[in-house]
Every structure is written in structure tokens, then in C-alpha cells.
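For clarity, every value in this text was computed on a predicted model and none was experimentally measured.
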Amino acid sequence: MGYLEQTIEELEKQIDQLLSPYRKEVELLDGIPGVNKAAAATFIAEMGVNMSVFKSAKHLASWAGVSPGNYESAGKKKTSKTTQGNKALKTMAVECVLATSRQNNRIASHRKRITKRQGKMKGRIASAHLLLTIAYNILKTGEPYHELGSNYLEEKQMNKELKMIEYLKKKGYTIAPSEQQTA
């Protein structure tokens with residue numbers, strides 16, 4: 001047992017030594033919910049820190065294998081299997097998503113919302129896509145992660161509705177609350 005522990009300790013020291021030029025990036029990625037130092041090291045090892053090699057976050061997600069397939073034949077959509085991709089990056093992204101399962105943040109609420117409609121696996125992969133998009137934007141801009149909250153999408157939808165109501169009022173329409181809104 002002592003030999004294995006010693007070997008693991010030596011490997012961790014080598015990883016820390018190799019990560020020393022990327023301390024800033026590790027700290028930025030470590031700020032994302034569910035991402036720890038080991039996950040940040042995997043992200044940096046697999047996708048690098050220079051995001052200019054990817055045209056967009058969607059290209060990174062596709063390269064990682066967390067983008068849905070787009071199969072259509074004769075006007076009918078077929079099963080949407082994920083694309084083949086970087087297995088290590090995909091696995092680590094899904095692990096990070098699962099680490100947020102008991103937290104109250106945007107990634108966890110995204111996974112729960114998708115899981116309700118489409119099942120566990122699609123919820124995990126869709127949230128891994130979101131997580132990689134966040135990681136891409138953080139590495140590209142160099143700004144730390146800012147939590148938008150678990151009800152971010154509901155607030156965004158409410159703001160859209162309020163803006164639409166204001167727009168309609170400007171145009172001269174009168175808006176009456178529906179039965180659902182009053183209940």
C-alpha cells in the first residue's frame with residue numbers, strides 16, 4: 001500500500017509542476033460550480049488555454065462530443081445521438097455536472113430541467129455542453145465565473161414578457177391579466 005501512495009504522491013507533484021504556468025487558468029476554471037483542481041487540470045490538458053483554436057463554444061462542445069447529432073432523412077428527424085469526441089474531456093465534463101447535483105446553481109437547475117423532459121443521459125450531456133461553453137468563455141475572456149442563479153432562465157423569460165407587454169402598450173393595446181396569471 002505504501003508504494004501505491006508514494007507513486008500517486010509523485011504523480012500529483014508532477015502534475016502540479018506541469019500546471020504551474022497555468023495557475024491563473026486553473027483558478028478561473030476552479031470557480032465554476034462542480035469543477036475542482038483535478039477537473040481544471042483535465043480541461044487544460046485536453047483543450048488547452050488558447051481558445052482561438054476553436055471558432056466558437058459550439059465547436060469546442062462538438063470536439064468534446066457533447067453536441068447533439070443532427071440526423072434528418074426525408075424531412076424526419078432521427079435519433080439525436082451525440083457526436084464522437086474527446087472521451088477524457090467529455091467524461092470529466094459529465095463528472096463535473098454530476099458534482100453539482102446537490103447544489104443550487106445554474107448548471108444543476110439546467111440538468112434537472114432537461115432531465116424532466118428528456119431523461120438522465122440527455123440531461124447530463126446537455127449540461128456538460130453548458131459547462132464547456134462556460135469554460136470556453138472564461139478562458140477566452142479571462143474573467144471569473146459569475147453565477148447567474150438557478151432561476152436565471154425563468155427571470156429571463158419574465159423580462160421578455162414584461163418587455164413585450166410594454167411594447168404592446170406603446171402601440172396602443174390594452175393588456176388584461178389572463179386567468180392563469182391571476183390564480
Legend entry - Same apolar cluster (I L V M F W Y, side chains within < 4.5 Å links), Ile8/Leu19: no
Legend entry - Ala39: side-chain contact (heavy atoms from CB on, under 4.5 Å) partners, not counting sequence neighbours: Val35, Asn36, Met92, Cys96
Legend entry - Between CZ on residue Arg124 and OG on residue Ser101, distance to nearest 0.5 Å: 9.0 Å
Legend entry - Separation of Lys90 NZ from Lys87 NZ (nearest 0.5 Å): 9.0 Å
Inset, instruction - Evaluate the criterion side-chain contact (heavy atoms from CB on, under 4.5 Å) for residue pair Leu130 and Arg106; output intermediate values, then yes/no. - result: CA-CA 10 Å; Leu130 173 65; Arg106 179 180 173 201; 3.6 Å; yes
Legend entry - Intermediate values then yes/no, side chain to side chain donor-acceptor pair (under 3.5 Å), Tyr3 and Glu5: CA-CA 6 Å; Tyr3 171 75; Glu5 290 173 357; over 6 Å; no
Legend entry - Pair listing, ring pair (Phe, Tyr, Trp, His ring centres under 6.0 Å) test, anchored in residues 156-175, at least two apart: none
Legend entry - Pairs touching residues 45-64 that satisfy side-chain hydrogen bond (donor to acceptor under 3.5 Å, both in side chains), sequence neighbours left out: Glu46-Asn86, Asn50-Ser52
Inset, instruction - Just grab all the side-chain hydrogen bond (donor to acceptor under 3.5 Å, both in side chains) pairs involving residues 126-143, residues at least two apart or on different chains. - result: His110-Ser127, Tyr136-Lys140
Legend entry - Distance (rounded to the nearest 0.5 Å) between Tyr145 OH and Ile134 CD1: 4.5 Å
Legend entry - From CD1 (Ile32) to CG (Asn105), nearest 0.5 Å: 11.0 Å
Legend entry - For Ala128 against Val66, the heavy-atom pair lying closest together: CB-CG1, 4.0 Å
Legend entry - Where Pro33 and Ile107 come nearest, the two heavy atoms and their spacing: O-CD1, 4.0 Å
Inset, instruction - Mind listing the closest non-hydrogen atom pair of Leu132 and Ala93 along with its distance? - result: CG-CB, 4.1 Å
Legend entry - Cluster overlap Ile138 with Val53, hydrophobic side-chain contacts below 4.5 Å: yes
Inset, instruction - For the pair Thr91 (side chain) and Ala88 (backbone), establish whether a donor and an acceptor sit closer than 3.5 Å, ignoring hydrogens and angles. - result: no
Legend entry - Shared hydrophobic cluster for Val26 and Ile15 (ILVMFWY, side-chain gaps under 4.5 Å): yes
Legend entry - Neighbour count above 12 (heavy atom, 6.0 Å) for Arg23 CZ: yes
Inset, instruction - Quick one: pull up CD1 in Ile175 and CD in Glu166 and give me the separation to the nearest 0.5 Å. - result: 9.5 Å
Inset, instruction - Answer whether the closest heavy-atom distance between the side chains of Lys13 and Gln17 falls below 4.5 Å. - result: no
Inset, instruction - With sequence neighbours excluded, give me every salt bridge (Lys or Arg N to Asp or Glu O under 4.0 Å) pair touching residues 26-39. - result: Asp16-Lys37
Inset, instruction - Would you please name every residue forming a side-chain contact (heavy atoms from CB on, under 4.5 Å) with Thr115, sequence neighbours left out? - result: Arg111, Lys120
Inset, instruction - Return the set of residues passing side-chain contact (heavy atoms from CB on, under 4.5 Å) with Leu18 (not counting sequence neighbours), or none when no residue passes. - result: none
Inset, instruction - Specify the closest pair of heavy atoms between Ala64 and Leu89, including all atoms of both residues, with the distance to one decimal. - result: CB-CD2, 3.6 Å
Inset, instruction - Return the set of residues passing side-chain contact (heavy atoms from CB on, under 4.5 Å) with Gln118 (not counting sequence neighbours), or none when no residue passes. - result: Ile114, Lys122
